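Lettering follows sequence order; numbering is per chain, from 1. These numbers were taken from a predicted model, which means no experiment stands behind them.
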Amino acid sequence: MDLASKLEKLSLQLVQKQDYLYSVTVGFERLESLLLSFLNEFGYITLDSINCRDDLEDGFFTITYCLQTKDRDHVVMVQTKIQRENASLPTMHTIWPQAEIMEREMHEMFGVDFPGHPTLIDFALEYWDNMPPLRRDFDTLEYVNSMNPFREQRGDALDAKEEMKKKREAKKAAKLKAQQEAEAKAALEAKNNPSDEVKNEE
Amino acid sequence: MIFQIILLIMLAYVVGFIYFGLYRNITARIQGRYGPTVYQSFYDSIKLFSKNNTVSYGWMFYLGPVIMATGAVLTLVLVPVFSDSDFLRSVTSQGNLFVLLYLMVLGPLGNALAVGTGGNPFGVMGVVRGLTRLIGLELPFYIAVVGLIIAANSSDIVHIIDLQKTAGLNIINHPLLFIGAMISMVGFFGASPFDIPGAPQEVYSGPRTEFSGKFLALLMSQGSLFAFAKLVLIVDLFLGGADSLVMLVLKTFTIFVAIIFIGIVYGRYKVEQAVDFLMKLPTLIAVLGLARIVWFG
Amino acid sequence: MAIDVKGVLSPLSAIGTLFEHPRTLTYPEVKKDIPIGYRGFHINNLETCVGCASCEEICMNDAIDMIHPDKEYNVKNTSGCIPRIDYGRCCWCSLCTDVCPPGSLKLDNICTHADCDPDNFLYMPKNHKNIGEEAS
Amino acid sequence: MKNNLKNTIKIFHGPQHPGITGNMSVELDLLGETIKRAQTHVGYLHRGFEKLVERRTVVQAFTIVCRICVPEPDPNEENFARAVENLAGLEISEKAKYIRTMVLEMQRLATMFLWMGGQAGSIGLGLIPQWSVCDRDYMLDLFEELTGGRVYHMYAFPGGVRRDLPEGFLDKLSDLLDYYEKRIIVYNNTFFDNVIFKKRAIGVGVVNRDEVLKNGYVGQTMRACGIQKDVRKDMPYLMYDKLDFDIPIQQDGDVYARAIVRRDEMLQSIRILRQIIKQMPKEGDILQKIPKHRKFKLPADDTYVQTESARGAMSYYMAGDGSEKIRRMQVRGPSLVHAYTLLEKLLVDSELADVAMTMNSLGICPPEIER
């Protein structure tokens, strides 16, 4: 592919992920210039989406810019990694107007800062004062439990695993008991063996 | 006399609401539904009359619906309902067409007074739209009426009715005037190409936004009274009036159904498009009709 | 001032539907047939339910509780429990019926429930005997 | 900017309004009836699906993606299923592919009928919504039979589809298509040819052709500007490369052009469905069971899939991390850019009466903007 050789000159590698999907990984410092050369030199004029992935364990965000050419016959993902702490990205809204809203959303959901962005206001969450919600250390369940009381009516739920164990044990115990009883009975019978004749008569 | 007026108002109330119920049924049938019962509008009206108002902006706010209702009742009283009987004849012979035309504008003015007090932007916008539309609506209608006055040589409605008995119906004699007047009548009824003041998708029912309870019911009632009065007026002017209740219902209903059909199948104009349209086509038709009367008799 | 004659006249053809039969149903008297396979309320064959709690595990809404039945239906029921569904939380995704190992839990095509008491949204799946007949 | 907004009144169009399906508010600064500034506000429907799937396994997450867009859930399911299939390397059978293509096209038709209702309703033509929603319901009846649900189908499962076709389903579908073809002629007479609709729609909401591709406008907004692009043709998925269909385009880029494009697309959908009915394999698996179904581990990789929904290309970004949970699923529907970048631009200097119509014609679906 033509793009691969062009990228090789920039010492970047184009990876084919799926039939119509390619990806290229770039360092953060070269991101802006690479996106510009994608737009101006390689003909990838459409910015389809910007998305962010929180790799909490490794301590960085993976940012993906999905670009398309005029033909729209394949997608190239330009990926970069930025630090989770004080994350900051160059804003693209002057080049692609739709980046404004995507960056606003990312700012709200991940807390990524975009210096120079004109409208970093609330997107969907109004008066939100907690941690940016799509960061993975934000625990939804905990938040919901702290905000909303649960109805008490479902207190009679049983833990099926426990019940299974209990039943199994009960069964085992019953079996044991039955065995013991049988043994006792056998012992009793053995004891009573001499008086067999009497029993039979009865 | 008072008894007759009350009887007339009750008649108009019942017939108006039944017409409104029929309107809802016919619309529903064309839309592929069953629709509510014919009496549904009565139930709505009774329900609303038994409710309290939720918001108030002072007495001026309440005066609006009252002024509108007054306009409707006066129009109703001044329009001769039956052509031959003595019913209310002494009142109707006092008024003439000019008084009626003034009274017909009373409604929008009352609306403007009340809604202006309310201060709801949608209401104000609806009123402005309504008044703008009125410019367009009045033009062809007034030209048609002037044509009829010239033809009858009188501005008395009773005289116009009487003349049609001898000279033939105005709808046949002056069809151009009828078309012009009918198109603007569609607008006076608030049917679809011209239902701009209360457009739910644009100004959220416009002037009626703030009204609730009894005053909304009053608005509804005056709407149906006024609708009936306007239907009777059209019948008087162009279809030679009605001498019995059956003829009255038959003739008004025919006009009414025609207006419904137009309202159902067309969408809504924007306000300047509506004025533009009304000032061109119907006005032209009415002017042609007027010219025909002036030059050819 | 060109007049679009077709645009003015062709919409009037809609009036022809005035005398067609309405396509809506008068609901309480006439009801629509709900097809077999509709994802309605749960039914559970208690004779075969093994109380494995797979349904409880897969339910993403935590709508399913395992509770003791009024009497023992299935001797082979490993935990002695049967599922009860909170219809305040259920989204009728039918995953619980997909994972049910004996295939005892099913969705019926009954789908109306109206009650004033919110506690009645805890729904005990109706017991059904023959899966083959009511296969969904 | 400030000086421009002198003497304007500020009104909120929405969040409840008849223009579009869902709750979204547009803050308008009006001078008379002319809009001087428009600002979109969302947040009335935020349900946090992208966050919710992080807590769920693949199988559990699949049941909530259909709720992302209420009028057309199926492209979401398709996207989700295909993203998981891409990540897990699953190959689905031909019959499952055909069924999924069929469901997508059925959904497209149903959505178009709903759109037509909204578009006609926004100009006060109350007749068409009643008709078209009724016609859409016939399609929902078929969905009910096929999938068990009317609106939320939860049908396209990673690895195939969840149920086989019921008996006689294709015949019923074929009958319905005959009916739809007749109905589209009726709609043509009453709505698309309607003089008022033409008068209201022509020249309103004109999209600048030069910025379409760059700004990422998709779907009918793009095709009404004369750009013949469609994901079904350019990046064919499922069975679309084996089916014969055209991409209708118009040149004007206004509301009317978009309406005509949509009408033609309905006819194309009917054409595609007829071919599917003819080619549908009789035998075959419908579901390839994903290994360890309940505790399926998604590989540590990411993918990006696109599906042509009835309103434009809908894309999902999905990343796994080698555990049972999905690490990140991002939804990029057509509405986000249309409702913000495009709508805010189109509404300036238009009139209040055009707002609902323009919004509807762009195919904006608020639940999909904020997920």
Side-chain angles (χ1 to χ4, degrees), chain C residues 1-18 20-25 31-42 52-64 89-101 106-111 135-136, chain D residues 52-53 55-57 59-67 120 125 127-128 130-131 133-135 137-138 140-150 152-155 157 162-167 169 172 185-199 202 287 289 293-295:
Chain C
M1 197 165 70
I3 300 170
D4 182 3
V5 178
K6 185 164 184 277
V8 173
L9 294 182
S10 68
L12 289 169
S13 63
I15 295 165
T17 57
L18 177 61
E20 276 178 17
H21 197 263
R23 285 183 274 169
T24 47
L25 304 175
K31 283 177 183 157
K32 197 171 89 58
D33 298 338
I34 298 173
I36 292 173
Y38 184 77
R39 296 199 303 263
F41 285 177
H42 291 75
C52 62
S54 296
C55 43
E56 187 192 13
E57 197 184 323
I58 196 122
C59 183
M60 72 214 111
N61 296 330
D62 289 344
I64 299 183
R89 305 183 69 118
C90 180
C91 74
W92 285 274
C93 63
S94 170
L95 278 180
C96 47
T97 65
D98 279 10
V99 299
C100 187
K106 295 271 174 197
L107 293 182
D108 203 359
N109 54 9
I110 297 163
C111 55
S136 60
Chain D
L52 285 176
V53 293
R55 297 182 52 83
R56 286 159 156 74
T57 65
V59 173
Q60 288 178 337
F62 133 85
T63 57
I64 61 168
V65 288
C66 56
R67 290 172 162 77
L125 185 53
L127 170 70
I128 305 295
Q130 302 280 350
W131 279 1
V133 170
C134 174
D135 286 342
D137 251 46
Y138 295 137
L140 296 191
D141 286 349
L142 281 188
F143 271 128
E144 192 177 79
E145 207 174 317
L146 176 66
T147 67
R150 290 179 77 78
Y152 297 132
H153 307 135
M154 301 182 233
Y155 188 60
F157 197 72
R162 282 173 85 186
R163 286 187 195 172
D164 207 344
L165 295 175
E167 215 167 288
F169 179 79
K172 279 184 194 164
I185 297 171
V186 174
Y187 287 121
N188 223 349
N189 284 336
T190 49
F191 177 49
F192 293 104
D193 277 351
N194 198 316
V195 61
I196 308 272
F197 180 53
K198 279 186 190 161
K199 190 125 187 165
I202 290 177
L287 181 61
K289 275 263 153 65
H293 177 77
R294 252 188 285 170
K295 298 230 162 96

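Closest of all the heavy-atom pairs between C:Ala14 and D:Trp131 is CB-CH2, 3.7 Å. The shortest non-hydrogen separation linking C:Arg23 to D:Asp135 is NH1-OD1, 3.2 Å. Residues D:Tyr152 and C:Arg39 share a closest heavy-atom pair of O-NH2, 2.7 Å. Minimum heavy-atom separation, C:Ile58 to D:Val59: CD1-CG1, 4.0 Å. Residue D:Arg56 comes nearest to C:Asn61 through the heavy atom pair NH2-OD1, 3.7 Å, listed as atom of the first residue, atom of the second, then distance. Shown here for C:Pro35 and D:Glu144, the closest heavy-atom pair between the two residues is CD-OE1, 2.9 Å.
With a 4.5 Å cut-off on non-hydrogen atoms, D:Ile196 does not touch chain C at all. Proximity to chain D is limited to the side chain of C:Thr17, based on heavy atoms less than 4.5 angstrom apart.
In this structure D:Asp141 satisfies the salt bridge (Lys or Arg N to Asp or Glu O under 4.0 Å) test together with C:Lys32, D:Arg150, sequence neighbours excluded. Listed by chain and number, the residues in a side-chain hydrogen bond (donor to acceptor under 3.5 Å, both in side chains) with D:Tyr138 amount to none (sequence neighbours excluded).
Side-chain atoms of C:Met60 and D:Val53, non-hydrogen and from C-beta on, never get closer than 4.5 Å to each other.
To the nearest 0.5 Å, atom CD1 of residue D:Ile185 and atom OG of residue C:Ser10 are 13.0 Å apart.
Of the listed residues (C:Cys91, C:Cys59, C:Gly40), the one with the most heavy-atom contacts under 4.5 Å to chain D is C:Cys91. Ranked by heavy-atom pairs under 4.5 Å with chain C, the list D:Arg55, D:Arg162, D:Glu145 is led by D:Arg162. Chosen from D:Leu146, D:Asn194, D:Asn189, the residue pairing most often with chain C at heavy-atom distances under 4.5 Å is D:Asn189.
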